[in-house]
Amino acid sequence: MGAGFWISRYLLASSILFIILTVVEYSKGTTSQADILSALAWSLVASAIFIGSKYWRYRKAVACAACDGNKPKTRSP
């Protein structure tokens, strides 16, 4: 997985989070330029942490807990 993959994942995660945070700000009723910039900043930081942890797990080859359930468990007699 190259840099393009991780960059596209980061952009996808940050854009989705930005949309969610912007909708929340608009639902409050009083939205200013500072609120939108705050939503943008939080989405960029949170996505960086999320994708950074995914990248770290990928580099360290840490197995996903959800993926472990795919393997059938066998009992030895």
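Just so it is clear, the model here is predicted, and its values are computed rather than measured.
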| To the nearest 0.5 Å, how far apart are CG in Leu17 and CG in Leu40? | 10.0 Å
| query | When rounded to the nearest 0.5 angstrom, what is the spacing between CD1 in Ile20 and OG in Ser43? | reply | 10.0 Å
| field | Verdict with supporting geometry, Arg9 and Tyr55, side-chain contact (heavy atoms from CB on, under 4.5 Å) | value | CA-CA 10 Å; Arg9 261 196 155 173; Tyr55 179 72; over 6 Å; no
| said: Using modelled atom types and a 3.5 Å cut-off, is there a donor and acceptor pairing between side-chain atoms of Ser47 and backbone atoms of Leu44? | reply: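 No; judged by distance alone, with no hydrogens or angles, the pair does not exist.
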| task | Spell out, yes or no, whether Leu12 and Tyr10 are grouped together once hydrophobic residues are joined by side-chain heavy atoms under 4.5 Å, including indirect joins. | result |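 No, because Leu12 and Tyr10 fall into different hydrophobic clusters, even though each may have its own neighbours under 4.5 Å.
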Side-chain donor-acceptor distances from residues 21-29 under 3.5 Å, at least two apart:
| from | atom 1 | to | atom 2 | distance (Å) |
| --- | --- | --- | --- | --- |
| Thr22 | OG1 | Phe18 | O | 2.7 |
| Ser27 | OG | Val23 | O | 3.4 |
| Ser27 | OG | Val24 | O | 2.7 |

| message | Applying the ring-ring contact (aromatic ring centres under 6.0 Å, His included) criterion to Trp6, which one of Phe50, Trp56, Tyr58 satisfies it? | response |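 Filter result, single survivor: Tyr58.
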